[in-house]
Structure formats: structure tokens, C-alpha cells
Amino acid sequence: MSRIKISVALVTMFSSILVPAANAAGLVVNTTSPVISSIPNVGNIWKGDIPTSISYPTDSYSEKLEFPITGALPISVLADRANGVDVDFAIWTDSGVKLGSQTIYSFSWNPVGPNTMVSMYLSRADNLYGTHTMLITTSYTTSTTGLLSRYLKDEQRVKISINKSVPLKAPDAPVIKGSLAGETAVIEFDSIEANPQVSKYQLTVSSLTSPQLSPTSALSFGPRTIIMEGLTPKFIVSKSEINSYFSSGYATQGSPYLLLRVEAVNAQGNSSLSNGIYFEPKNFGLSIFTITKKSNTSKTIACVKGQLTKKVTATNPKCPAGYKVKK
């Protein structure tokens, strides 16, 4: 159905005001601005506090933005099936991407109360965060023949800022990549956004529990040992750090591979471990580790003194004074 369009340009006057958070667990409206849609010779059409700043949680794929508007005309005019009022709300990026929208049609106005809820879904995307424009178009139909309609239009633009809201929790796991530079390993990753902020990153190493196992499975490696800590998303691992790990006695004897992984830490706890990158000791100029842990195995000796015999059990047993080891 074709329509004849008569557009009336209006200037919107508004100031920013604070409003309480609507839902601390999801999307939060931080500030709004009062907007009035008005058309000359008709008067005010509707009014409402339009969001100008919202916070969108970084761990959510979809959130609903809701806010009420109030009709200034009688419901009999707003909701007239032939000559009613439609209001379209759409959030656009400067690059021309529509982030969300909803239209209040003439049949959508609340017939029992002053407020009608505007509700649009926003989805997480690379271009979601930033400052965008909410385009608000009000169409007031003045007459219609069924085939041809005349209406007046009020178009207003409101800037809206969509900010990141990082939930209070332990950090997400880093995703690391590794490279070799001589006898040095370089472990790099992107900084992790967390609430509270990451207090440190920890680089851990573990050794293959058996030379026969595959180094491509994290299950093939033994307990982890923290060998480096820092706040920058990069670790440079030299022969010195690996040699210290070898000398500590925690590495598996004869292990041909080492597994390096990173975890992020904040006041809420530790992240899951990152993906693992494995190296060979020879990458650091070292031979396969062959030093074993000191033995804690106890042994028993028999000590004699004349007709008396005593057994002494210890890791390094010695006979009491006056006794000799029985041969």
C-alpha cells in the first residue's frame, strides 16, 4: 500500500539522568534521557526516558533491553486501527549495522495503563560495544482510504553507549602460543579481562610420566610446578628455569618432554589451565633429565650388644651407643 509522507523535523532537548540498575546479573541501564515526541498542530504523541548508557555482560550471548514509554494522546487515538500511531526504535552502528530494534504498532499500545514497554534483544558481537545511535521514528496517520494514507513523521536520534560489564568471577583460561628463540622458549597470550582484575599469571611445567606416552595428551604429564609468575601476558623461559625444575626433583626420570601451561589468578580464584605447549629438554640445551629424587625408603638393620639384639628402622639407620651392626 503506497503512502504520501509528510515529514516534520524536530529538535530533541534532553539531559542525562541516573537510574538504578534494573538487573545486576544481566544487561543494566546506567543512564537515560527524557525524550518527547511532538508534532506541530497535533501536540505531544508520547514521552519516555530513553537509555543513553547500558552495560552488557561479556559472558552473555543475548540480552533484552527494556524501557517504558507513555502515550500522551488518548489510547483511542494511539491504537486506532486506521489512524493510529507507530513508533520504531532501532540501534545502529556508525558502520551501518543494526544491533537491535522494535516497533510499537498501533495495535501494540497498552490499553489498560499509561506505560507501554519497548523491548528489543541485543546479541554479543564484535561491534556491540561502543557509542551508537538509537533512531526513533514516530508515524502519526492523519487519514487513510485503505489504499492511500497520509501521515506525519517525527524522527529523533539519541546517542547510546554500550559498555562492557565483566562479571565477578575467576578469570577465563588464557590461550597461549609458544615459539623458540635459541635455547629460550617464548610463551605469549592475550591479557584476560576479569572482575576483579587479574593479579598475576602463573607459568607451570610438568613432565611426561613415561617415555612411552604421547606428549600430545595432557593426561600423559605428571603434577604441575609453578616456575614463573608475572603480570605481563608473556613469559620468556630460559635454560636456568628448566634446569631449576630438573634439580628440584619433581621431574619424571628420563622424561623426554615438558608441558608448559598458564593460569590466571584474581581474588575470586584461579582460571582453568590454558592449552599446553610441549618442549624437549634439548630445546633448552639440556639432556634428558636423569637425576632421581632422594630416596625416602626405610631400611632395617640388626644391632647386637653381647646377647642383646635390637632392630633399628630408618632411612639412614644407626646402632645405639654400645651396639654394633650384626654381620
Side-chain angles (χ1 to χ4, degrees), residues 12 14-37 44-73 75 78-79 84-140 153-172 193-196 268:
T12 305
F14 56 83
S15 60
S16 180
I17 61 174
L18 291 173
V19 295
N23 179 7
L27 185 148
V28 175
V29 176
N30 302 316
T31 61
T32 65
S33 292
V35 172
I36 297 175
S37 176
N44 294 344
I45 308 298
W46 61 268
K47 64 180 180 179
D49 292 329
I50 306 303
T52 54
S53 174
I54 64 175
S55 293
Y56 187 104
T58 57
D59 62 345
S60 176
Y61 288 96
S62 179
E63 292 289 335
K64 184 188 292 185
L65 172 61
E66 290 186 307
F67 54 92
I69 61 172
T70 303
L73 295 175
I75 186 65
L78 294 171
V85 174
D86 297 342
V87 187
D88 181 69
F89 298 84
I91 299 176
W92 291 88
T93 69
D94 289 344
S95 60
V97 177
K98 183 187 288 187
L99 298 177
S101 64
Q102 194 203 9
T103 299
I104 302 298
Y105 294 102
S106 59
F107 54 80
S108 303
W109 291 96
N110 181 4
V112 297
N115 293 332
T116 296
M117 192 65 68
V118 179
S119 177
M120 69 176 73
Y121 279 96
L122 302 175
S123 299
R124 189 172 67 185
D126 292 339
N127 54 6
L128 175 66
Y129 300 108
T131 300
H132 311 296
T133 301
M134 183 183 293
L135 181 62
I136 307 171
T137 305
T138 302
S139 300
Y140 174 81
K153 185 174 74 170
D154 169 28
E155 184 174 284
Q156 304 190 34
R157 301 179 182 219
V158 177
K159 289 294 183 182
I160 178 170
S161 175
I162 302 180
N163 309 298
K164 288 184 179 180
S165 172
V166 183
L168 188 69
K169 66 172 187 175
D172 293 330
E193 284 187 326
N195 183 20
Q268 292 293 307

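Excluded from the calculations below are hydrogen atoms, water molecules and symmetry mates; all remaining heavy atoms, backbone and side chain alike, are included.
- In this structure, CG in Leu128 is found 4.5 Å from CD1 in Ile162, a value given to the nearest 0.5 Å.
- A donor-acceptor pair under 3.5 Å is absent between the side-chain atoms of Glu63 and the main chain of Ser55, judged by distance alone.
- Looking only at distances, a side-chain donor or acceptor of Asn195 sits under 3.5 Å from a matching main-chain atom of Val166.
- Considering only residues two or more places apart in sequence or on other chains, Ala194 meets the side chain to side chain contact (heavy atoms under 4.5 Å, CB included) condition with Pro171, Val198, Asn266.
- For the atom pair CG of Leu122 and CG of Leu27, the computed distance is 6.5 Å after rounding to the nearest 0.5 Å.
- Nearest heavy-atom pair across Ala170 and Gln268 is N-CB, 3.5 Å.
- Atom CD1 of Ile104 sits about 11.0 Å away from atom CG of Leu78, to the nearest 0.5 Å.
- Closest of all the heavy-atom pairs between Ser37 and Gln156 is CA-NE2, 3.5 Å.
- Checked against side chain to side chain donor-acceptor pair (under 3.5 Å), Ser62 has no partners two or more places apart in sequence or in another chain.
- When the side chain to side chain contact (heavy atoms under 4.5 Å, CB included) test is applied to Val97, the partners found at least two apart in sequence or on another chain are Thr93, Ser95, Leu99, Asn127.
- Take Lys47 and apply the salt bridge (charged side-chain N to carboxylate O under 4.0 Å, His left out) test, not counting sequence neighbours, and it matches no residue.
- To the nearest 0.5 Å, atom CD1 of residue Ile36 and atom CD1 of residue Ile69 are 12.5 Å apart.
- The ring pair (Phe, Tyr, Trp, His ring centres under 6.0 Å) contacts involving residues 53-73 comprise Phe67-Phe89, where partners must be two or more places apart or lie in separate chains.
- Val87 has its side chain out of reach of Ile45: every pair of non-hydrogen atoms, C-beta onward, lies at least 4.5 Å apart.
- Taking 4.5 Å as the limit, every side-chain heavy atom of Pro51 sits out of range of all side-chain heavy atoms of Thr31.
- In terms of the side chain to side chain donor-acceptor pair (under 3.5 Å) criterion, Thr131 has no residue partners (sequence neighbours excluded).
- Closest approach of Ser119 and Lys64 over heavy atoms only: OG-CD, 3.0 Å.
- Contact record, Arg124 with Asp59: NH1-CA, 3.6 Å, taken as the closest heavy-atom pair.
- Under the side chain to side chain donor-acceptor pair (under 3.5 Å) criterion, Ser53 pairs with Asn30, Asn163, sequence neighbours left out.
- Applying the side chain to side chain donor-acceptor pair (under 3.5 Å) test to every pair with at least one member in residues 99-112, sequence neighbours left out, gives these pairs: Asp88-Thr103.
- Residues forming a side chain to side chain contact (heavy atoms under 4.5 Å, CB included) with Pro68 (at least two apart in sequence, or on another chain): Asn115, Met117.
- Screening Thr116, Asp154, Thr138, Thr70 for a side chain to side chain donor-acceptor pair (under 3.5 Å) with Trp46, the sole residue that qualifies is Thr138.
- Between Ile160 and Thr52 the shortest side-chain heavy-atom distance does not fall below 4.5 Å.
- Every residue meeting the side chain to side chain contact (heavy atoms under 4.5 Å, CB included) condition with Leu135, not counting sequence neighbours, appears here in chain and number order: Trp92, Thr137, Glu155, Arg157.
- With sequence neighbours left out, Lys169 forms a side chain to side chain donor-acceptor pair (under 3.5 Å) with Asp172.
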**OP:** Please lay out, stage by stage, how Lys159 and Thr133 fare under the test side-chain hydrogen bond (donor to acceptor under 3.5 Å, both in side chains).
**Re:** CA-CA 5 Å; Lys159 289 294 183 182; Thr133 301; 3.0 Å; yes
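- Partners of Lys164 according to the salt bridge (charged side-chain N to carboxylate O under 4.0 Å, His left out) rule, which considers only residues two or more places apart in sequence or in another chain, are Glu193.
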